[in-house]
Amino acid sequence: MITNQPSPRPLHESLVTDLNTAFPDAFPPINFKEDLNEEQFAAISAPIGPVLVLAGAGSGKTRTLTYRVAWLLTQGICPWEILLLTFTNKAANEMLLRVENLTGIPHYKFWGGTFHHIGQKILRIHGESIGINKNFNILDASDADSLLSEVIRNFDAQFFRNTDNPKSRVIGEIISYARNTCSSIEQVVKEKYPYFAHLLQNILLFNKNYQDLKKKRGVLDYDDLLEHWLSLLENNSSIKEHLQHQFKYILVDEYQDTNTLQSKIIDRMTPYHKIMAVGDDAQCIYTWRGANFENIMTFADRHPGTLIFKIETNYRSTPEILDLANQVLEHQPANAGYRKELKPTRRPKQKPYFASASDTKHQAQFILKRIKGLLSEGYNYSDIAILYRAHFHAMDLQMELTRLAIPYQITSGIRFFEQAHIKDLVAQLKFAANPADSTSFFRFACLLPKMGPKTAEKLLQLGVESSKKNQTSLLKALEHESIIKKVPATAKDDWLDMIYTLQDVTENIHKLPPKDITSIAIEGWYGTFLRSLYPNWQSRQDDLQSLIGFATRFDNMQEFLAQLVLLNSETSDRAADLNEDNLRLTTIHQAKGLEFPVVFIIGLAESLFPSKRSLEEDNLEEERRLFYVAVTRAKDELYLTHPRLSFQGGPPALLSPSRFIQELSKDAYQTLSLPNSYY
DNA sequence: AGTCGAGTTCTTTTT
DNA sequence: GAACTCGACT
C-alpha cells in the first residue's frame, strides 16, 4: 500500500467531487488534489483521450490508475463502461480491490481482469459468430502440452525417441511465441531456433493438427483466448463496433509487458483512443513470452495526441536502495528505453547488504539468522520477503524453514489448482461440461488400474460410435454391456462407479450451482478412489473440500471452470495463510508490483541469476530488468546474497558473484562477512 | 500391445 | 519432485 498521503480531507476546489449524487450508496468524497502529488494528479486529470503514464517503480502507479478510474466516474462514465486490463491475476485483484475501496463501487461492476480473463468472457458472449462453441473448455499449460504431444505421437510414434528432436514443450513454445508475436512459425524458427530449421515442415504440420484437434474437442488454449478475441475484432464488424462502443475508456496496467497480439487487441478496441496505458519499460520482464516494449515506445505514434506523463517520485524505498536501483539501470545499453531516475523522498537509512555464503545451505542459515535479528528489532515475518530467480533456488531455504518450523508462504512451486488430485477432479467436471473434451476424459480414466492412454482412447472411441448409432448420450453408451466387456477386469467396478458419477454430474450441471456439482463429484467415485491412489488422501480430500469453497464464489459452471484454469496463480494458500504472519518466498516475476519492508534476493551468482539459459541465449538485458524489479521491491532493508558453491544438478560447481553485483560501485552496498558455520 | 514399477536426470519466469 | 527411460510383466 502506498501511504505517501494523508487520508481524504474535506472538499477542495472543483475537482473534489462528492459522488454521492451519482452513486448515492457508495462514494465517499475524494480529494484528488490532496491525495495525489502533482505528477500523479496531472496524469489522472488528463482529458478523456490517449494517455501514457511512465511510472517508475514505487511511484504510485496503481494509485494513479485507481484515481484515474475514480476521476472518469466523475466525468459521467459508468463503471461498466470502463475496462481495466492487467497482466497477472495478482495485479488484477489488487487493482479491482483498490478501485472498490476508493470508490465504494463493488469491483464486479467494472470490467476488469487479465487479458485472458476478459478474452474468455468476450468469447463466451460473442464467440459463436466465429464458430466457437459457448461451452469451450480452457486448456492450461500442461493440458495443452499433452494435447500437442498426442498430436506428435499420432504423426510419428517414434518422434520423441530421437533425443535430438525437441520435446513437445519446446515445440509448444515455438508455436505459442509465434502466435503471441503475430509472426509466422517460419520466422520464429529461423530467428530463435535455427538449430531446428530442418524440422520446420514437421512443426508446421504439428501446429496445424494441434489447432484442428483443439477445435474438434471444443477446447481453447491460452493463446486462443487472445487470438480469437482479435479475430472477432477483425472479422465481425458489428461485434467490433459493439465492443468499441461498450467501453468508453480502457486502462492498461504494466503496458510494457504487452505482446504484439495484446497490443493489437488494445488498438482495435480503442479506435477513438480513449485509453490510458501505464508502464515502465525498465520493468519489462516478459519478452520470453513475446512482450515487446516497443509497444510502449511507439504508443504515441499509434494513438495520436497522446499526453505523456512521467511519475518518478518514489515513496517506497530508502535513498540507498534507490541509488542501487538507479545504478542497475545505468548499466543498460544507451538506447535501452526512456531515461528515468527514481527520486527518493524517504530519509536515509542503511545501505543494502551483500553477503557471500559458502553454499546454498550456508546462505539459508545466514538468512534465518538475520531474520531472527529482524524479528527482535520489531519486524514481523510478513514484513520479510525472499526473492529468487527460479523456484529451485529456494530449496535449501525451504528445508531449513521447515526444520525450524518457521511459518512461510510460498507463492510459487506447485500451485493449488495444479495439484494432481485437483486436476483429476476438475477434469471430470470439464468432461461433463463438454463431452467432446476427450483430453479431460483421458486424464481421469487413465487412473483406473490397467487403463492407459491406449485403452482409454479405444473405449471412448467405442462409446462415441455406439452413442451415435443408438442415439443415446455418450455416458449412457459408456455403461453399456458391449463396452464393459472391453474394460480391463480389475477396472470394471471403478469404471461403472466413475460413469455413474459422471452421469450424476452431467444431469445436474445446468440445474445446480457449481458448489453442489463439485460436491456431487467429490462424493461420487473419485472421493473414494482417491484413498487407494494416495497415502496422504486425507489432506488431499481436504483440498477437494476447499475446492467446494472456491466454487461458492460462482453461480455459473463455465465461469467457475474457466477461473480454475486462468487463476492458477491462486497459490496453495489455504485462505487462512493470507492473514497469518508468514514469511514470503516468491519468484521475482510473482513479486512484481508488491513491496516489503525487508527483501532478501538470493542466488545472486553467475548462471543462477543471470540464469544459465539467459547467458546462452544472450538475454542479459531482461535479467537486468528483472534484478531491477527485485531491488525496487524493498522499502527499508535489502540483502543480496551469493552462494559460492552449488550442489544442484550433478557435481558441485563454483559460482562467481552475479555480474549485477560486480558492476555496482563498491559504495552502493556494504559487505557482510559471514561466520563459517552457524552451529 | 499396452501397462506398470524402478531407476535416472534435471530443474526459468506466467496466462 | 516430476518427468522421462527402460525393461518386465499381463
Side-chain angles (χ1 to χ4, degrees), chain A residues 85-92 113-120 138-146 149 157 160-161 163 167-169 173 176-177 179-180 220-227 229 254 257-259 261-262 284-291 387-395 398-399 411-415 417-420 446-458 488-491 562-571 586-592 603 607-617 619 622-623 625-627 629-630 646-650:
Chain A
L85 288 169
T86 64
F87 207 65
T88 63
N89 288 301
K90 195 174 280 158
T114 63
F115 282 91
H116 294 86
H117 179 209
I118 299 296
Q120 182 264 143
I138 304 173
L139 303 177
D140 71 11
S142 71
D143 298 334
D145 183 54
S146 11
S149 175
F160 295 118
R161 300 298 289 269
T163 45
K167 304 236 159 40
S168 58
R169 271 191 57 178
E173 264 168 37
S176 176
Y177 190 85
R179 299 172 75 194
N180 278 291
L220 302 187
D221 63 17
Y222 286 138
D223 299 337
D224 285 324
L225 298 176
L226 304 181
E227 263 189 349
W229 181 3
E254 307 280 13
D257 281 326
T258 54
N259 57 41
L261 183 52
Q262 288 162 326
C284 177
I285 55 175
Y286 286 102
T287 58
W288 50 277
R289 234 178 70 189
L387 310 185
Y388 36 84
R389 177 68 181 84
H391 304 310
F392 73 94
H393 294 167
M395 257 168 47
Q398 278 190 62
M399 267 152 40
T411 54
S412 45
I414 315 132
R415 297 165 194 151
F417 295 132
E418 283 177 2
Q419 298 177 92
C446 290
L447 296 170
L448 301 182
K450 299 285 162 214
M451 180 90 67
K454 299 288 177 210
T455 317
E457 191 177 355
K458 203 188 309 168
T490 44
Q563 286 302 82
L564 284 176
V565 179
L566 295 174
L567 263 189
N568 63 10
S569 76
E570 188 115 341
T571 46
T586 163
T587 62
I588 299 165
H589 282 89
Q590 289 191 330
K592 185 148 176 219
S607 85
L608 297 180
F609 191 8
S611 72
K612 201 161 107 200
R613 202 149 138 194
S614 73
L615 292 171
E616 284 161 5
E617 295 178 4
N619 275 336
E622 174 126 334
E623 300 286 295
R625 291 192 295 266
L626 196 57
F627 182 54
V629 169
S646 160
F647 295 99
Q648 257 124 25

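Nothing here was measured: the structure is a model prediction, and the numbers come from that model.
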query = Counting side-chain heavy atoms from CB outward, which of B/dT14, B/dT13, B/dG2 is closest to A/Lys454?
reply = B/dG2
key: Phosphate OP1/OP2 of B/dT14: any A/Thr587 side-chain N/O under 4.0 Å   = yes
ask   = Salt bridge or not for A/Lys592 and A/Asp257, using N-O below 4.0 Å?
value = yes
query = B/dT11 P sits how many Å from A/Leu608 CG, rounded?
reply = 12 Å
query = For A/Phe87 and B/dT14, do the ring centres fall under 5.5 Å apart while the planes stay under 30° apart?
reply = no
key: Atom pair distance, as rounded to whole Å: CD in A/Glu622 and P in B/dT14   = 12 Å
inquiry  = Output the rounded distance in Å from NZ (A/Lys612) to C1' (B/dT11).
reply    = 10 Å
request  = Grab the CZ-C1' distance between A/Phe160 and C/dT5 for me, whole Å please.
outcome  = 14 Å
message = Looking at A/His391, I'd like to know whether one of its side-chain N or O atoms comes within less than 4.0 Å of OP1 or OP2 on B/dT13.
response = yes
task = May I ask you to check whether A/Tyr286 and A/His589 place their ring centres under 6.0 Å from each other?
result = yes
ask   = If each of A/Asp223 and A/Thr455 is mapped to the nucleotide of DNA chain B with the nearest heavy atom, which maps nearer the 5' terminus, i.e. the 5' end?
value = A/Thr455
message = From CZ of A/Phe392 over to P of C/dA3, roughly how many Å is that when rounded to an integer?
response = 16 Å
ask   = Can a salt bridge be assigned to the pair A/Arg625 and A/Glu622 using a cut-off of 4.0 Å between side-chain N and carboxylate O?
value = yes
key: Atom-pair distance (CZ on A/Arg169; P on B/dT15), nearest Å   = 15 Å
key: Sidechain N-carboxylate O distance under 4.0 Å for A/Asp223, A/Arg289   = no
remark   = Between the CD atom in A/Glu254 and the CD1 atom in A/Ile285, the distance rounded to the nearest 0.5 Å is 8.0 Å
inquiry  = Quick check: on DNA chain B, is the nucleotide nearest A/Arg289 upstream (toward 5') of the one nearest A/Ala456, or the reverse? Name the residue that is more 5'.
reply    = A/Ala456
query = Out of B/dT14, C/dC4, B/dC4, which nucleotide sits closest to the side chain of A/Lys450?
reply = B/dC4
ask   = With a 4.0 Å cut-off on heavy atoms, is A/Pro453 in touch with a base, just the backbone sugar-phosphate, or nothing at all?
value = sugar-phosphate
ask   = What is the distance from CD of A/Gln262 to C1' of B/dT14, rounded to the nearest Å?
value = 11 Å
ask   = When the distance from CE of A/Met395 to C1' of C/dA2 is rounded to whole Å, what number comes out?
value = 12 Å
task = Please confirm whether any donor atom in the side chain of A/Arg389 sits under 3.5 Å from an acceptor in the base of B/dT13, or the reverse.
result = yes
ask   = Where the side chain of A/Lys167 is concerned, which of C/dC4, B/dT11, B/dG2 is the nearest nucleotide?
value = C/dC4
